[in-house]
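Protein chains get the first letters and strands the later ones, always in sequence-line order, with residue 1 at the start of each.
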Amino acid sequence: MSGWCGARPEASKKQIMSKAITSRAEDYSQWYNDLVLKGGLADYSAVRGCMVIKPYGYALWENMRDVLDRMFKETGHVNAYFPLFVPKSLFEAEEKNAEGFAKECAVVTHYRLKTDPQNKGKLIVDPEAKLEEELVVRPTSEAIIWNTYKGWIQSYRDLPILVNQWANVVRWEMRTRLFLRTAEFLWQEGHTAHATRDEAVAEARQMLEVYADFAENYMAVPVIKGVKSENERFAGADDTYCIEALMQDGKALQAGTSHFLGQNFAKAFDVKFSDRNNTLDYVWATSWGVTTRLIGALVMVHSDDDGLVLPPRIAPLQVVIVPIYKGPEQKAVIDTRVNELVKLLKLAGVRVKYDDNDNARPGWKFAEYELQGVPVRIAIGSRDLENNVAEVARRDTKEKKSISLDGLDKTIVSLLAEIQENLLRRATEFRDKNITPVDTWEEFVKVLDEKGGFIAAHWDGTGETEEQIKERTKATIRCIPLENKMEAGKCILTGKPSTQRVLFARAY
RNA sequence: CGGGAGGUAGUUCAGCCCGGUUAGAAUACCUGGUUUGGGACCAGGGGGUCGCUGGUUCGAAUCCAGUCCUCCCGACCA
């Protein structure tokens with residue numbers, strides 16, 4: 001158990017959290033980077049735009065992955081794995097999809113290196129080893145998967161296919177940002193095939209619900225479910241559903257997407273099936289995914305200037321116990337008492353660590369675990385034992401209380417639940433305070449610049465207007481909320497009639 | 001690809017404008033001791049091709065040219 005938390009003994013607190021949360025972009029970036037780097041989640045990689053996920057960060061991802069994986073299986077999906085390399089001819093089959101991703105593809109052109117005759121000890125790409133057909137490193141897997149599905153589907157009896165894969169993908173973005181936009185990232189991508197349009201739409205909507213459920217009930221990140229405007233739609237989709245979250249600096253973040261792909265990929269890869277009446281039709285498709293970006297969202301929604309704040313349900317470590325003692329005799333007494341507590345907590349399914357490392361002093365440990373966002377800290381000293389209590393500190397409010405050792409395991413379990421709830425409540429209040437309805441262009445610009453957050457405004461429904469608003473203000477339509485209230489209004493830019501408000505924001 | 005900032009000890013940085021002892025600080029690391037309820041203290045110690053290449057100079061971390069890399073902002077995007 002020791003070591004996996006990625007403690008960094010070299011970092012002093014001042015060195016770490018020099019910047020406070022602020023809406024000023026550069027400071028907020030610094031704050032975010034500090035949290036991710038010093039909180040022990042990730043490092044910058046030697047490879048441009050890629051990240052190294054440290055053990056602590058990976059444990060967090062694993063927890064998120066486990067929960068999601070269970071949810072996918074509960075909704076009837078199975079896992080599979082498809083190749084990393086996509087032959088260019090397959091990749092280009094679905095035109096819109098190919099076009100959309102073309103600008104950011106890493107491409108394998110050769111299969112061999114050789115020693116450089118001009119430069120001893122160095123290697124060059126062997127020009128003799130050029131591939132006949134280039135291989136695209138998958139930016140997403142629709143192409144290779146639909147090429148495979150073609151061989152799997154003949155009859156309605158073969159449908160639906162409900163497959164998910166956990167994988168890495170590569171998108172050569174111009175500008176990268178740890179977790180939020182890295183050249184390589186980890187994700188899951190679900191790819192389903194259906195006999196009817198309705199069934200596929202229902203699948204896409206269902207998975208959106210799964211994502212929203214996960215975001216809110218596990219990550220404690222409130223999200224708005226919606227559908228993307230045509231401009232923001234996934235390349236190759238007929239409809240893109242999304243969940244949108246709000247960060248503490250007032251910028252929005254797309255936290256997950258679920259696409260109704262219509263018959264676009266089936267047509268591109270010629271995937272037809274015979275229905276009950278023996279008529280041939282193209283298969284209906286969906287795809288849906290969430291990525292390691294969720295970790296970035298988690299950081300930016302909950303954390304504070306003392307470090308990460310992780311919701312208990314996915315925190316790699318939920319409880320840390322720090323002994324306070326003078327000499328081995330006191331330590332031995334504390335050990336006995338703590339070991340009982342640890343056993344009970346583990347029985348209750350709590351991820352707990354007893355940090356009795358004698359090399360670090362209590363104060364150092366307190367600060368370190370706060371930096372890592374561990375939801376609950378228990379300190380037990382001889383003084384406490386005399387009174388049959390322990391000092392329990394919660395990360396979300398920084399509140400400290402002496403609590404009886406009798407039944408402490410049960411107290412902790414309910415405290416964890418309370419912290420989980422509190423984080424969601426806090427984030428939801430913040431989010432709701434930052435959804436501002438506006439009716440005029442002047443107001444729109446003002447709110448965007450001074451307050452940020454989501455702006456609920458009328459829009460005439462055209463791509464041109466959306467484009468213009470984006471050019472002038474950098475704000476995009478994050479989504480048209482599902483179950484939106486219909487109301488007549490006028491587009492904030494053009495004054496043309498509109499039937500509902502949509503959510504604008506500046507976004508990551 | 002455009003704009004900005006930067007690359008000096010494991011880390012964060014000072015020194016550079018105005019060239020000149022053995023290149024500094026904090027922190028981290030090692031040894032010994034005292035400590036342990038919020039990032040301990042004392043004493044001692046180790047650690048650097050100052051991003052790289054070239055130039056100017058008696059002398060370059062410092063000036064000049066080139067080059068590579070990183071971060072931030074913008075365009076692109078999950």
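Across all strands, A:Ser382 comes closer than 4.0 Å to base atoms (heavy-atom distances). Within the 4.0 angstrom heavy-atom criterion, base atoms lie near A:Thr291. Across all strands, A:Thr476 comes closer than 4.0 Å to no nucleic acid atom at all (heavy-atom distances). Within 4.0 Å (heavy atoms only), A:Leu253 reaches no atom of the nucleic acid at all. Note on A:Lys474: only backbone sugar-phosphate atoms sit closer than 4.0 angstrom, heavy atoms only; bases stay farther off.
With a cut-off of 3.5 Å on both Watson-Crick or G-U wobble distances, the partner of B:C77 is given as none. The nucleotide B:U57 finds no pairing partner, because no Watson-Crick or G-U wobble arrangement with both distances shorter than 3.5 Å includes it. Judged by Watson-Crick or G-U wobble contacts below 3.5 Å, the nucleotide B:C29 has B:G45 as its partner. The base-pairing partner of B:C16, taking Watson-Crick or G-U wobble contacts with both distances under 3.5 Å, does not exist among the strands shown. Nucleotide B:A5 forms a Watson-Crick or G-U wobble pair with B:U70, both donor-acceptor distances falling under 3.5 Å. The nucleotide B:A40 finds its pairing partner in B:U34, both defining distances of the Watson-Crick or G-U wobble pair being shorter than 3.5 Å.
Between the NZ atom of A:Lys400 and the P atom of B:G38 there is a distance of 7 Å, given to the nearest Å. The CZ atom of A:Phe179 sits 23 Å away from the P atom of B:C77 (whole-angstrom rounding). Taking atom CH2 of residue A:Trp172 and atom P of nucleotide B:C76, one finds them 20 Å apart after rounding to whole Å. Rounded to whole Å, the distance from NZ on A:Lys38 to C1' on B:C71 is 13 Å. In this structure, A:Asp384 places its CG atom 15 Å from P of B:U36, rounding to the nearest Å. Residue A:Arg177 contributes atom CZ, which lies 9 Å from atom C1' of B:C72 at whole-angstrom precision. Counting to the nearest Å, the C1' atom of B:U27 and the CD atom of A:Glu368 are 14 Å from each other. When rounded to the nearest whole Å, the span between CZ of A:Arg478 and C1' of B:C77 equals 10 Å.
Put simply, the side chain of A:Lys398 and the base of B:G38 share no donor and acceptor less than 3.5 Å apart. Scanning atom types as modelled, one donor and one acceptor separated by under 3.5 angstrom connect the side chain of A:Arg181 and the base of B:C77. You won't find any donor-acceptor pair under 3.5 Å spanning the side chain of A:Arg175 and the base of B:G2, going by distance alone.
A close approach under 4.0 Å does occur between a side-chain nitrogen or oxygen of A:Arg361 and OP1 or OP2 of B:A40. For A:Asn33, a side-chain nitrogen or oxygen approaches OP1 or OP2 of B:C72 to under 4.0 Å. At least one side-chain nitrogen or oxygen of A:Ser29 sits closer than 4.0 Å to the OP1 or OP2 atom of B:C73. Taking side-chain N and O atoms only, A:Tyr28 has no distance below 4.0 Å to OP1 or OP2 of B:C73. Dashed line: the shortest gap from a side-chain N or O of A:Lys470 to OP1 or OP2 of B:C76 is under 4.0 Å.
With C1' as the reference atom, B:U56 and B:G48 are 25 Å apart, rounded to whole Å. When the C1' atom is used for both B:C29 and B:G47, the distance is 9 Å, rounded to whole Å. Using atom P as the reference point in both B:G51 and B:A28, the two lie 25 Å apart (nearest Å). Distance check on atom C1': B:U8 versus B:U62 gives 11 Å, rounded to whole Å.
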Determine all donor-acceptor pairs shorter than 3.5 Å in which one atom belongs to a side chain in residues 468-481 of chain A; sequence neighbours excluded.
from	atom 1	to	atom 2	distance (Å)
A:Gln468	OE1	A:Arg472	NH2	3.4
A:Thr473	OG1	A:Ile469	O	2.6
A:Thr473	OG1	A:Ala475	N	3.1
A:Thr476	OG1	A:Arg478	NH1	2.7
A:Arg478	NE	A:Glu244	OE1	3.1

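Side-chain atoms of A:Lys251 and A:Tyr28 form no donor-acceptor pair, as typed in the model, at a separation below 3.5 Å.
Ionic pairing of A:Arg506 and A:Asp449 is present here: one or more N-O contacts between side-chain nitrogen and carboxylate oxygen are shorter than 4.0 angstrom. Under a 4.0 Å N-O distance rule, the pair A:Arg171/A:Glu184 does not qualify as a salt bridge.
Around the NZ atom of A:Lys451, the shell of radius 6.0 Å holds more than 12 heavy atoms that belong to other residues, nucleotides or ligands.
Residue pairs meeting the salt bridge (Lys or Arg N to Asp or Glu O under 4.0 Å) criterion with at least one member in residues 313-334 of chain A, sequence neighbours excluded, are A:Lys331-A:Asp335, A:Lys331-A:Asp356.
Of the two residues near RNA chain B, A:Glu104 and A:Leu385, the one whose nearest nucleotide lies more 5' is A:Leu385.
Side-chain proximity of A:Glu173 to the nucleotides B:C77, B:G37, B:U36 is greatest for B:C77. Counting only heavy atoms from C-beta on, A:Tyr44 has its side chain closest to B:C72 among B:C76, B:C72, B:U12.
In this structure, CD on A:Glu391 lies 7.0 Å from CG on A:Asp384, to the nearest 0.5 angstrom.
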